[in-house]
Amino acid sequence: MASSAQSGGSSGGPAVPTVQRGIVKMVLSGCAIIVRGQPRGGPPPERQINLSNIRAGNLARRAAATQPDAKDTPDEPWAFPAREFLRKKLIGKEVCFTIENKTPQGREYGMIYLGKDTNGENIAESLVAEGLATRREGVRANNPEQNRLSECEEQAKSAKKGMWSDGNGSHTIRDLKYTIENPRHFVDSHHQKPVNAIIEHVRDGSVVRALLLPDYYLVTVMLSGIKCPTFRREADGSETPEPFAAEAKFFTESRLLQRDVQIILESCHNQNILGTILHPNGNITELLLKEGFARCVDWSIAVYTRGAEKLRAAERFAKERRLRIWRDYVAPTANLDQKDKQFVAKVMQVLNADAIVVKLNSGDYKTIHLSSIRPPRLEGENTQDKNKKLRPLYDIPYMFEAREFLRKKLIGKKVNVTVDYIRPASPATETVPAFSERTCATVTIGGINIAEALVSKGLATVIRYRQDDDQRSSHYDELLAAEARAIKNGKGLHSKKEVPIHRVADISGDTQKAKQFLPFLQRAGRSEAVVEYVFSGSRLKLYLPKETCLITFLLAGIECPRGARNLPGLVQEGEPFSEEATFFTKELVLQREVEVEVESMDKAGNFIGWLHIDGANLSVLLVEHALSKVHFTAERSSYYKSLLSAEEAAKQKKEKVWAHYEEQPVEEVMPVLEEKERSASYKPVFVTEITDDLHFYVQDVETGTQLEKLMENMRNDIASHPPVEGSYAPRRGEFCIAKFVDGEWYRARVEKIESPAKVHVFYIDYGNREILPSTRLGTLPPAFSTRVLPAQATEYAFAFIQVPQDEDARTDAVDSVVRDIQNTQCLLNVEHLSAGCPHVTLQFADSKGDVGLGLVKEGLVMVEVRKEKQFQKVITEYLNAQESAKSARLNLWRYGDFRADDADEFGYSR
């Protein structure tokens with residue numbers, strides 16, 4: 001164990017004891033120590049050395065648990081100071097020693113010297129000189145060593161040191177406390193402040209016995225957050241070490257045993273205390289993890305006060321290098337490429353409350369399960385009516401709230417995905433259904449961990465794992481902490497309140513119910529809805545939150561390719577582009593908030609109507625993208641012209657459903673077009689608003705007095721019955737009253753709700769928009785609704801001109817129009833209808849000058865050439881004005897005619 005050296009002497013002289021060396025591991029008492037050798041491939045050998053010729057007091061000893069009548073033995077006077085003297089002088093130091101005597105029982109007695117040879121400090125003499133030990137009685141002083149001990153003792157007596165001082169030494173006897181009556185109170189009373197202590201024993205790498213100072217509590221301390229391999233006790237009383245248990249124990253012993261440390265008491269487990277041991281050289285908890293001697297444990301990592309993420313990082317360091325207990329470790333994502341471990345994707349669908357479908361940059365779709373969380377589920381067997389089909393989204397408590405939380409936060413947004421593990425497929429058993437392979441990941445948006453947010457609201461719970469199960473979230477500790485907060489605050493699933501009940505009527509396919517419901521939906525006009533499922537490009541399942549019902553909804557006005565159908569004994573193939581249409585609709589509206597207008601229903605109880613997403617008509621969009629054709633039933637609809645315009649544009653591209661389209665000759669139509677003349681019927685209007693894309697809103701002068709009267713009456717009514725601030729809860733698409741910056745109330749429509757402080761409104765009588773807090777909104781009194789007087793602001797666009805796409809050029813044109821016509825009376829003539837709004841010409845009321853023509857003359861816009869015969873005269877006038885502006889190099893034309901080469905760059909077409 002220790003190196004030895006033979007001291008040479010003259011031949012034939014007395015034998016000189018062998019000098020051996022070692023490192024002091026532990027001080028047992030004032031006259032006994034344990035010395036160890038240097039470690040070589042494992043913990044080193046040890047031996048106990050007792051000091052010859054001296055005696056120190058015995059330390060306290062606890063009565064054996066197997067002897068109920070035995071009593072604890074206290075310290076003898078000056079025993080503990082003697083032990084402390086040696087501990088502070090020797091622990092961790094190199095000493096040399098000689099063995100002078102060995103008893104039949106194997107106990108060894110000898111001399112110990114501090115340092116590498118016998119010239120160092122004689123420990124026995126130092127103890128005696130300090131009055132902490134005495135010479136053994138009956139030993140005659142017949143050699144130099146005995147003489148020196150005798151001299152040291154006499155000097156201590158004369159100086160009244162130690163045990164030779166006045167008094168009986170009772171003040172040196174510790175009041176040792178082996179148990180704590182209330183461990184929880186004891187831990188809390190220290191308020192996680194460091195407590196001075198001495199480590200008295202190391203049971204294994206992560207469990208020690210510590211003497212807390214200055215009150216002498218002898219406690220077992222388990223290191224918070226980790227566990228080292230242990231020594232398993234067999235039936236015969238022997239101990240079998242787990243792999244690396246002995247090495248972990250030696251690692252802790254060599255750094256902490258009998259060292260002065262500080263302990264942060266963090267929690268308690270029975271009579272054992274959970275804590276963190278701090279040494280000037282570092283934190284043993286993190287070191288054990290980093291060296292691969294320990295693993296993190298979930299049940300106690302939550303109480304670790306110095307940051308659980310540091311422990312996880314240290315464990316990860318050891319795993320990556322496969323150190324010691326991790327020598328056979330294989331990472332859960334070891335077989336994945338880096339691009340498959342971390343990526344950004346767009347959320348397309350939320351599945352229940354623990355999974356999402358995302359669209360990758362490659363265009364592929366992938367299902368991602370949120371790591372380590374479990375969605376709400378039914379508890380017990382008798383909670384569900386056996387005769388009623390279970391609808392998990394509505395029938396499982398908090399499932400709907402969880403799904404809605406994810407849907408509102410994620411749908412259509414880009415998220416960061418970090419794959420934590422791949423859960424392999426599992427076959428079905430009697431109690432558990434089969435599961436396909438699952439990709440489990442941590443999903444974040446704007447730095448927020450979605451799973452953690454879900455758990456903190458009590459809308460999901462955290463899965464508990466076996467300690468050796470590494471397939472878990474990379475932010476598992478944060479999930480546990482979030483769950484603890486949710487439990488403490490009684491959130492969601494942990495609430496003591498009654499669970500929310502969602503009584504959702506499913507009208508899909510129920511003709512009788514649909515008939516009863518139809519008039520109500522028709523009268524409602526535009527209703528808010530959430531698209532729950534997409535059956536095909538034009539067939540959807542909708543949830544109407546206001547009516548709390550589910551309906552099947554068919555898009556009106558279009559003929560969409562039919563999808564494949566499974567009929568009894570027959571599989572009917574889908575029409576061409578049916579899958580593309582379904583995919584288009586699904587990507588655009590699935591789980592999005594939309595607005596629907598119900599017009600009618602079919603024989604099967606399906607509602608037919610129009611669906612709007614972000615202001616766009618889905619029927620028009622499908623036609624526009626050549627995925628549907630216009631159906632003849634659209635003729636009686638106000639969207640017919642928009643549909644025809646979109647279909648005509650799609651036909652020209654000859655794509656998808658129009659790939660084989662051949663334009664039919666229109667000889668018979670030509671004479672009609674030639675004979676048709678431009679209708680010029682100007683009516684007086686008042687221009688109230690100009691938009692950034694050069695559209696404008698006007699009020700009809702003829703109904704102006706009606707509006708003034710309505711506004712006056714409405715304001716008088718509001719003045720006598722003012723709305724309670726904050727009482728109004730805005731809903732998208734709803735009409736309301738809004739307080740403008742002038743302090744007056746106006747009729748408005750809610751367009752978007754970012755938050756209670758940011759509500760987007762549109763003033764329906766003036767055409768302007770504003771973002772207001774909900775406190776400046778109120779309920780529109782029925783006496784002043786749009787049924788009494790329709791919205792007075794009508795949107796139009798200039799005919800025969802192209803609005804510049806270049807931002808600066810467009811701003812110049814808008815500024816000119818605002819300067820010339822805003823808040824003035826003009827004359828308006830509708831020239832032609834188009835998708836979005838009618839296109840018109842506008843004249844100044846006094847000069848009868850054409851406003852659009854004026855913009856062309858100033859070189860602020862370009863002419864939109866149309867082929868209709870009735871417009872040729874006015875188009876020619878516009879083109880002549882454009883040539884004049886070009887010759888004068890005005891505004892757009894200041895660099896000449898740019899259209900030939902770089903029209904696309906500037907956003908124009910010839």
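- Between atom CZ of residue R47 and atom CZ of residue R36 there is a gap of 15.0 Å, rounded to the nearest 0.5 Å.
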Requested in this report: Please lay out, stage by stage, how Y178 and Y217 fare under the test ring pair (Phe, Tyr, Trp, His ring centres under 6.0 Å).
Outcome: CA-CA 6 Å; Y178 297 103; Y217 282 98; over 10 Å; no
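- The backbone N or O of G275 sits less than 3.5 Å from a side-chain atom of S224, completing a donor-acceptor pair.
- The two residues P43 and A246 make their nearest non-hydrogen contact at CG-O, 3.6 Å.
- Using modelled atom types, one side-chain atom of R321 and one backbone atom of F317 make a donor-acceptor pair closer than 3.5 Å.
- Within 6.0 Å of the CZ atom in R464, the count of heavy atoms belonging to other residues, nucleotides or ligands exceeds 12.
- Between atom CG of residue L256 and atom CD1 of residue I198 there is a gap of 13.0 Å, rounded to the nearest 0.5 Å.
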Requested in this report: Tell me, with the steps shown, if T276 and E266 meet side-chain hydrogen bond (donor to acceptor under 3.5 Å, both in side chains).
Outcome: CA-CA 7 Å; T276 298; E266 293 164 331; 2.9 Å; yes
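- Between C440 and I422 the shortest side-chain heavy-atom distance does not fall below 4.5 Å.
- Applying the 6.0 Å contact sphere to NE2 of H171 captures more than 12 heavy atoms from other residues, nucleotides or ligands.
- One distance of note links CZ of R316 with OH of Y329; it measures 9.5 Å at 0.5 Å rounding.
- The only member of I123, I112, L28 that meets side chain to side chain contact (heavy atoms under 4.5 Å, CB included) when paired with I33 is I112.
- Under a cut-off of 6.0 angstrom, the local environment of NZ in K177 is crowded, with over 12 non-hydrogen atoms contributed by other residues, nucleotides or ligands.
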Report task. Would you please test N449 and T444 for side-chain hydrogen bond (donor to acceptor under 3.5 Å, both in side chains) and show each step? Result -> CA-CA 4 Å; N449 181 344; T444 61; over 6 Å; no
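- Contact record, S165 with K160: CB-O, 3.4 Å, taken as the closest heavy-atom pair.
- Residues G120 and Y113 share a closest heavy-atom pair of O-CD2, 3.7 Å.
- Put simply, the side chain of S126 gets close to the backbone of N122: a donor and an acceptor are under 3.5 Å apart.
- The backbone N or O of K193 sits nowhere less than 3.5 Å from a side-chain atom of H191 that would complete a donor-acceptor pair.
- In terms of heavy-atom proximity, K116 sits nearest to E94 at CE-OE1, 3.5 Å.
- Taking CG of L287 as the start and CZ of F251 as the end, the distance is 5.0 Å to the nearest 0.5 Å.
- With hydrogens and angles disregarded, no donor-acceptor distance shorter than 3.5 Å links the side chain of N416 to the backbone of V443.
- Going from atom NZ of K71 over to atom CG of D69 covers 9.5 Å, rounded to the nearest 0.5 Å.
- Rounding to the nearest 0.5 angstrom, the gap separating the OG atom in S238 from the CZ atom in R232 is 10.0 Å.
- We find that E200 and R83 are joined by a salt bridge, their nearest charged nitrogen and carboxylate oxygen being less than 4.0 Å apart.
- Here the side chains of H190 and L265 are in contact, with some heavy-atom distance below 4.5 Å.
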Query raised in the report: Would T442 and Y476 count as a side chain to side chain contact (heavy atoms under 4.5 Å, CB included) if you check the C-alpha gap in whole Å, the side-chain angles of each, and the deciding distance to 0.1 Å?
Result: CA-CA 10 Å; T442 296; Y476 190 67; over 6 Å; no
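- Geometrically, R184 does not engage F186 in a cation-pi contact defined by less than 6.0 Å to the ring centre and at most 45° from the axis.
- The shortest side-chain heavy-atom distance between V128 and R148 does not fall under the 4.5 Å cut-off.
- Within 6.0 Å of CZ on R306 lie no more than 12 heavy atoms contributed by other residues, nucleotides or ligands.
- Formation of a donor-acceptor pair under 3.5 Å by the D469 side chain with backbone atoms of Y465 is not found in this model.
- Heavy atoms from other residues, nucleotides or ligands lying under 6.0 Å from CZ of R107 number 12 at most.
- Taking 4.0 Å as the cut-off between side-chain N and carboxylate O, D75 and R174 count as a salt-bridged pair.
- The pair R322-D328 does not meet the salt-bridge criterion, since no charged nitrogen lies less than 4.0 angstrom from a carboxylate oxygen.
- Classification of the F80-Y216 ring pair by plane angle, with boundaries at 30° and 60°, yields perpendicular.
- S267 places none of its side-chain heavy atoms less than 4.5 Å from the side chain of Y304.
- With contacts defined as side-chain heavy-atom distances shorter than 4.5 Å, the pair E125/L149 qualifies.
- The one candidate from L288, D204, V207, V297 that meets the side chain to side chain contact (heavy atoms under 4.5 Å, CB included) condition with K227 is V297.
- Counting heavy-atom neighbours within 6.0 Å of E181 CD, excluding the residue itself, gives a total of 12 or less.
- Side-chain atoms of E242 come within 3.5 Å of backbone N or O of T230 as a donor-acceptor pair.
- Counting heavy atoms from C-beta on, the side chains of E315 and R312 come closer than 4.5 Å.
- Counting heavy atoms of neighbouring residues, nucleotides and ligands inside a 6.0 Å radius, atom CZ of R423 does not exceed 12 of them.
- When side chains are defined from C-beta on, V462 does not count as touching R374, because their heavy atoms never get closer than 4.5 Å.
- A donor-acceptor pair under 3.5 Å links the side-chain atoms of N182 to the main chain of H185, judged by distance alone.
- In this structure, R472 pairs ionically with D298, as a charged nitrogen and a carboxylate oxygen lie closer than 4.0 Å.
- Residues V195 and L213 approach most closely at CG1-O, 3.8 Å, considering heavy atoms.
- Of all heavy-atom pairs spanning E286 and A314, the tightest one is O-CB, 3.8 Å.
- When atom types are taken as modelled, the side chain of T172 and the backbone of G169 share a donor-acceptor pair closer than 3.5 angstrom.
- No donor-acceptor pair closer than 3.5 Å links the side chain of S371 to the backbone N or O of S473.
- Cation-pi check for K249 over F231 is met; the charged atom lies under 6.0 angstrom from the ring centroid and within 45 degrees of its normal.
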